[in-house]
Amino acid sequence: MSTPSSLPEHIAIIMDGNGRWAKERGLPRRDGHRAGAESVREAVEACKELGVSYLTLYAFSSENWRRPKTEIDALMLLLDRFLVDKLDELDRQNVRLHTIGQIDRLPPKNQKRLAGAKAKTANNTGVNLILALSYGAREELTEATRLIAEKVKTGELAPGEINTETLSQHLHTAAFPDPDLLIRTSGELRLSNFLLWQLSYAEIVVTKRYWPDFKKADLLAAIEEYSRRHRRFGGL
Ligand code: IPE
Ligand code: IPE
Ligand code: MG
């Protein structure tokens with residue numbers, strides 16, 4: 001793989017289109033999600049090879065709880081399988097696993113598996129793989145507001161001291177830099193409640209490809225497009 005000139009430090013991906021991928025093949029949606037898990041493996045591997053430090057994957061949104069129970073159950077089972085099957089490989093690749101989102105809403109089995117995976121990889125120093133699970137930016141911002149209000153109430157924080165940094169520090173992503181590049185697969189032109197604060201200055205690349213078809217070459221193409229962009233951050 002040739003390395004593009006300017007590399008994003010943090011890539012965030014809205015992994016969309018698993019259902020449509022399956023439908024086109026006359027398969028149940030579950031099979032699309034299963035095929036999508038393979039793309040996750042590839043994306044992590046590509047980030048490792050390229051030297052991308054942070055990869056945030058939108059795996060399940062706050063709004064995805066509205067889906068039929070059978071689909072939610074299938075997704076939770078797949079998440080569990082993914083961690084069982086891939087944890088050793090991720091660990092060998094020096095990947096450190098993190099999560100953002102309302103993890104306490106996930107089934108206890110998933111919570112336990114995630115906690116174990118995070119603990120096992122806690123000392124790894126390679127790619128930081130951040131899984132957004134039961135994640136919604138509005139929920140995250142509301143929670144941050146509540147935490148800040150509590151600190152004001154106890155006198156730990158004065159209202160006049162609150163700045164953008166204060167808010168950043170109370171988000172689930174406090175330990176990570178903001179994403180440089182946002183990729184959304186399957187063509188939809190919306191954020192779907194993903195990292196609303198953190199994506200303020202991200203470069204956006206949308207591809208028509210469904211997530212199960214999104215392979216290393218597609219990631220590289222997105223990074224190449226990113227490297228051609230001129231980021232101005234409001235300046236000249
Ligand atoms: C993305 O694929 C995976 C999740 C949202 C969990 P979808 O399930 O949204 O697939 P489409 O959008 O219906 O094709
Ligand atoms: C966004 O995809 C959430 C994830 C990829 C996990 P959705 O398929 O849920 O988004 P909408 O409903 O098309 O906006
Ligand atoms: Mg979708």
Side-chain angles (χ1 to χ4, degrees), residues 10-23 27-44 47 54-87 90 95-118 121 127-144 171-173 176 179 182-188 190-199 206 209-214:
H10 185 171
I11 299 177
I13 307 182
I14 301 176
M15 309 185 287
D16 200 12
N18 294 350
R20 279 163 280 179
W21 183 92
K23 194 171 178 216
L27 297 168
R29 291 178 58 85
R30 181 181 3 105
D31 288 10
H33 296 312
R34 191 179 304 130
E38 190 47 38
S39 295
V40 169
R41 203 191 59 76
E42 274 213 25
V44 175
C47 285
Y54 299 87
L55 176 65
T56 298
L57 300 177
Y58 205 5
F60 193 85
S61 75
S62 305
E63 288 73 23
N64 288 150
W65 290 114
R66 294 178 189 154
R67 294 190 181 193
K69 185 173 182 302
T70 47
E71 168 138 355
I72 294 172
D73 288 349
L75 283 164
M76 294 303 153
L77 190 65
L78 260 172
L79 170 64
D80 195 61
R81 286 293 101 196
F82 178 83
L83 291 175
V84 170
D85 295 345
K86 304 282 191 271
L87 185 60
L90 291 171
V95 171
R96 181 171 177 188
L97 186 79
H98 309 262
T99 54
I100 55 172
Q102 296 176 322
I103 301 303
D104 57 356
R105 291 185 70 189
L106 299 179
K109 189 178 174 193
N110 291 94
Q111 292 188 43
K112 236 176 116 183
R113 191 81 72 194
L114 284 163
K118 284 196 269 189
T121 61
V127 179
N128 289 282
L129 173 61
I130 303 150
L131 296 181
L133 292 163
S134 188
Y135 175 85
R138 288 181 171 179
E139 286 75 7
E140 182 188 34
L141 285 161
T142 305
E143 202 181 296
L171 298 175
H172 297 173
T173 52
F176 319 125
L182 170 71
I183 299 170
R184 182 165 187 150
T185 58
S186 90
E188 239 65 74
R190 55 177 173 257
L191 292 176
S192 303
N193 203 13
F194 189 42
L195 300 173
L196 299 181
W197 171 279
Q198 299 88 337
L199 291 171
V206 174
R209 247 202 240 308
Y210 297 140
W211 176 247
D213 288 330
F214 190 88

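Fair warning: this is a prediction, and the values are worked out from it, not measured in the lab.
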- Task: Would you check, one step at a time, whether the test side chain to side chain contact (heavy atoms under 4.5 Å, CB included) holds for L191 with L182?
- Result: CA-CA 10 Å; L191 292 176; L182 170 71; 3.5 Å; yes
Taking all heavy atoms of [X] and all of [Y], pick out the closest pair and write down the distance.
| X | Y | result |
| --- | --- | --- |
| V40 | W211 | N-CZ2, 3.8 Å |
| G136 | S62 | N-OG, 3.0 Å |
| F82 | A37 | CE1-O, 3.9 Å |
| A59 | L133 | CB-CD2, 3.7 Å |
| L171 | A144 | CD2-CB, 3.9 Å |

Rounded to the nearest 0.5 Å, how far apart are [atom1] of [X] and [atom2] of [Y]?
| X | Y | atom1 | atom2 | answer |
| --- | --- | --- | --- | --- |
| C47 | L57 | SG | CG | 8.0 Å |
| K23 | R29 | NZ | CZ | 9.5 Å |
| T56 | I14 | OG1 | CD1 | 11.5 Å |
| D31 | W21 | CG | CH2 | 7.0 Å |
| L141 | W197 | CG | CH2 | 7.5 Å |
| R66 | S61 | CZ | OG | 8.0 Å |

- Is it true that R138 and E143 make a salt bridge, defined as a side-chain N closer than 4.0 Å to a carboxylate O?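 Salt bridge flag = no for E143 with R138.
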- Item | Residue pair R30 / T70, side-chain donor-acceptor N/O under 3.5 Å |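 Side chains of R30 and T70: no pair found under 3.5 Å.
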- Task: Would you please say whether a donor-acceptor pair under 3.5 Å links the side chains of S186 and R209?
- Result: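 The answer is no; no qualifying pair exists.
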Can you tell if the side chain of [X] reaches within under 4.5 Å of the side chain of [Y], non-hydrogen atoms only?
| X | Y | result |
| --- | --- | --- |
| P212 | E38 | no |
| L195 | P179 | yes |
| Y54 | I130 | yes |
| L87 | V84 | no |
| R20 | D16 | yes |
| F60 | L79 | no |
| R184 | M15 | no |

- Message: Can you classify the ring geometry of F194 versus Y58 as parallel (below 30°), tilted (30 to 60°) or perpendicular (above 60°)?
- Response: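 Plane angle under 30°, so parallel.
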- Could you check T121 against V95 for side chain to side chain contact (heavy atoms under 4.5 Å, CB included), going step by step and ending with a plain yes or no? CA-CA 7 Å; T121 61; V95 171; 5.9 Å; no
Please output the side-chain donor-acceptor pairs of residues 97-109 that fall under 3.5 Å, not counting sequence neighbours, one pair per line with the distance.
unit_1, atom_1, unit_2, atom_2, d
H98, NE2, N128, OD1, 2.7
T99, OG1, K118, NZ, 2.6

- Query: Considering residues at least two apart in sequence or located in another chain, which fulfil the salt bridge (Lys or Arg N to Asp or Glu O under 4.0 Å) criterion with R67?
  - Reply: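 Only E71 meet the salt bridge (Lys or Arg N to Asp or Glu O under 4.0 Å) criterion with R67.
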- Task: Could you pull out all residues at least two apart from H172 that satisfy ring pair (Phe, Tyr, Trp, His ring centres under 6.0 Å)?
- Result: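 H172: no ring pair (Phe, Tyr, Trp, His ring centres under 6.0 Å) contacts found.
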- Task: Verify side chain to side chain contact (heavy atoms under 4.5 Å, CB included) between N193 and E63, making sure each step is shown before the conclusion.
- Result: CA-CA 9 Å; N193 203 13; E63 288 73 23; 3.0 Å; yes
- Message: One pair to check against side chain to side chain contact (heavy atoms under 4.5 Å, CB included): I72 and N64. What are the steps and the verdict?
- Response: CA-CA 8 Å; I72 294 172; N64 288 150; over 6 Å; no
